[in-house]
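Chain A is the first sequence line, chain B the second, and so forth, proteins listed ahead of strands; every chain is numbered from 1. The structure presented is a predicted model; accordingly, all values stated were derived computationally and were not measured.
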Amino acid sequence: MSRQLTFSIFRYNPNDPSSAPRMQEYTLNESTGMTIFVALNQIREEQDPSLNFDFVCRAAICGSCAMVINGRPRLACKTLTKDFKDTITLMPLPVFKLVGDLAVDTGTWFRHMSLKTESWIHTNKKFDPIAQEDRMDNEVALNIYESERCIECGCCIAGCATANIREEFLGAAGINRVGRFMVDPRDERSDMEYFEVIGSDEGAFGCMGLMACDDNCPMGLPLQLQLAFVRRKITMAGLKS
Amino acid sequence: MQSSLFSTYGYARRLLIKIITKGESHASTEVTHKNPRAELYYDIVELFTGLTLVGFLWTHMIFVSTILLGTEVYDILAAGLDDYYLSYIGIPFIIIVAIMHVLSAGRRIPTRYQEQKVIWRHAKMLKGTDTWVWIFQVITGVSILALGAIHVFVVLAQWPIDAAISTERMTAFWWFYLVLLLLGEYHAGFGIYRQFVKWGWFPRRPLGFVCKVITTIILGLGFAASGYLMHWEVPYEQLSDYNH
């Protein structure tokens, strides 16, 4: 006999003037290995086709299905229902623009962050498509890859008290992104150029160290150490110049 | 020449990007009178004043707990600090450092009603340990500012320090010192933990464990010293005029 689960889900369509924010309850029977994502699909198919939520990959790669599950930002596809009691509350991620119900627009935020942090290799070298690629130390490559594992789901931003208060804060995703370019030997930006990008309240010094990003990152990125690394680097840059 | 041209170009390019971002999201480009390094300096002042105050608080409790070695040792230490003018340098120094700490760390306190609402709702929703630790840092910090000021005033008003005066104070106001000890050591223990988390090289869990162990030891010393002072019978000739 499987458990009966109650889902309390946030409903609101910002594009419909007659819609008011409310919580709606759905019940369904738990199946083996059920994830929140599976449950949501089942609700949409069997009970309410109007329910809005995002997903693409179902395998914790795309970062689309992030939502607040029982108070914590998580990926719906990576979260098992068996880890919770009978009632599960689902809310959309805060900070990001609400599309409807559980769907939020993380894309605009992350595009802004990418532009703000200038997330591309800054180099004077002319690209030669015929030449052999420059070799890179394996350790350096792994270091870069470690921060590149960010899937831009937005859990670190939604969990961050600072980002919730101040919308211009770039959060762990932004600081981690800058850290990624700092360790990349191909990027020729000077320390001062990095300081300009992130040496302010919007970046490294806006962080209060509440570590909700580190606690809630679905990819398990070492955000505590990465944030401290960037803070030290940026501090030295600011003091030197 | 070329490099200056490039840097002008670089600046223009950055500016352009900021203007583009203004169009499509909430950030904007603006000219401010703010020193671009202001936040850096604030953060460094917060770090170093915090570390200094933790060092001071822990030393303070170790000094107080010399009472456990006997009232003579306590009196010799207090008189020694006085004779070599260490108190006269140390006390104003610590007061200045504390004020700088209030100004730098206090800038993070959400003062607007709207921010307060967001913080409380967010903390209750998330149930994140470190988020709650920070909220209690703010509460304990503000309380220490008030209670610490009273403590400094009372001690200076009855200067110099000796075991007899300390005993009188502890007997009369033990509840005050109990609250101040708990608040102070909580704030210091988690404060140093939080600074290491923000700046350091070590993962949080072992760091938190070490900070809790040290705080427990310091609290133990504080309780023991307070208990000793409260149970010590002050010899009649050492009683202050106030009690005669």
Side-chain angles (χ1 to χ4, degrees), chain A residues 68 70-73 89 91 94 97 108-109 111-116 118 122 124 158-168 170 189-190 193 195-197 199-216 222 224-225 227-229 231-232 234-235 237-239 241, chain B residues 6-7 10-11 13-14 17-18 20-22 24-28 34 36-44 46-47 105 107-108 110 112 114-135 137 193-205 207:
Chain A
V68 178
N70 276 3
R72 284 180 175 256
T89 308
M91 302 281 285
K97 194 181 139 206
T108 306
W109 193 97
R111 178 168 166 74
H112 161 71
M113 183 275 280
S114 293
L115 289 171
K116 193 94 185 172
E118 306 190 12
H122 293 53
N124 283 328
C160 174
T162 311
N164 273 272
I165 297 178
R166 297 204 330 263
E167 57 180 353
E168 73 277 9
L170 294 172
R189 268 183 279 187
S190 67
E193 280 173 297
F195 188 86
E196 269 178 44
V197 167
S200 67
D201 236 4
E202 290 173 24
F205 302 122
C207 167
M208 299 196 291
L210 309 193
M211 291 297 124
C213 54
D214 195 51
D215 286 335
N216 293 304
Q224 182 216 328
L225 300 176
L227 262 54
F229 162 74
R231 191 188 284 268
R232 291 193 302 265
I234 287 295
T235 300
L239 291 178
S241 45
Chain B
F6 178 73
S7 71
Y11 178 71
R13 190 185 47 186
R14 270 194 294 283
I17 284 155
K18 282 174 188 166
I20 293 168
T21 55
K22 184 182 181 180
E24 65 178 22
S25 71
H26 38 248
S28 64
K34 200 175 164 187
R37 290 192 186 78
E39 290 304 324
L40 161 70
Y41 296 145
Y42 271 133
D43 240 37
I44 293 176
E46 181 184 339
L47 169 66
R107 78 191 195 282
R108 295 281 185 226
R112 286 166 52 214
Q114 201 57 38
E115 293 175 349
Q116 283 277 339
K117 242 171 70 174
V118 172
I119 286 288
W120 284 106
R121 203 165 46 195
H122 182 73
K124 281 181 205 158
M125 175 195 93
L126 195 70
K127 299 185 183 75
T129 321
D130 286 35
T131 303
W132 278 109
V133 163
W134 173 72
I135 288 178
Q137 280 303 89
Y193 159 78
R194 282 178 32 75
Q195 291 302 332
F196 268 99
V197 165
K198 275 160 79 174
W199 293 91
W201 295 261
F202 317 108
R204 275 188 291 156
R205 296 193 203 291
L207 210 69

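Although no hydrogens or angles enter the test, the distance criterion places a donor-acceptor pair under 3.5 Å between the side chain of Q224(A) and the main chain of F202(B). Here the side chain of R231(A) pairs no donor or acceptor atom with the backbone of G200(B) at under 3.5 angstrom. Side chain of R37(B) to backbone of G199(A): no donor-acceptor contact under 3.5 angstrom is found.
Most heavy-atom pairs under 4.5 Å with chain A, from the set R108(B), R194(B), E115(B): that is R108(B). When I234(A), N216(A), I165(A), N70(A) are compared by the number of non-hydrogen pairs under 4.5 Å with chain B, I165(A) comes out ahead. Between chain B and the residues G209(A), P94(A), C207(A), the largest count of heavy-atom pairs under 4.5 Å involves G209(A). Each of G206(A), A212(A), A158(A) has some count of heavy-atom pairs under 4.5 Å with chain B, and the biggest count is that of G206(A).
For F229(A), no part lies under 4.5 angstrom from a heavy atom of chain B. Neither the backbone nor the side chain of R121(B) comes within less than 4.5 Å of any heavy atom of chain A. Contact annotation for W132(B): neither backbone nor side-chain heavy atoms come within less than 4.5 Å of a heavy atom of chain A. For a residue to count as touching a neighbouring chain, one of its non-hydrogen atoms must lie under 4.5 Å from one of that chain's; by this rule V197(B) touches chain A with backbone and side chain alike.
Side-chain contact between D214(A) and D130(B): absent, with no pair of heavy atoms (C-beta onward) separated by less than 4.5 Å. Contact of the L239(A) side chain with the L40(B) side chain is registered, since non-hydrogen atoms from C-beta on lie closer than 4.5 Å.
Rounding to the nearest 0.5 angstrom, the gap separating the CG atom in L210(A) from the CD atom in Q137(B) is 10.5 Å. Atom OG1 of T162(A) and atom CD1 of I119(B) lie 7.0 Å apart (nearest 0.5 Å). From R72(A), atom CZ reaches atom CE of M125(B) across 9.5 Å, with rounding to the nearest 0.5 Å. A distance of 3.5 Å separates CD of E39(B) from CG of D201(A), quoted to the nearest 0.5 Å. Residue R204(B) holds its CZ atom at 9.5 Å from CG of L225(A), rounded to the nearest 0.5 Å.
A salt bridge does not link K127(B) to D215(A): none of the charged nitrogens lies less than 4.0 Å from a carboxylate oxygen.
Heavy atoms only, all atoms of each residue included: W199(B) and A228(A) are closest at C-CB, 3.9 Å.
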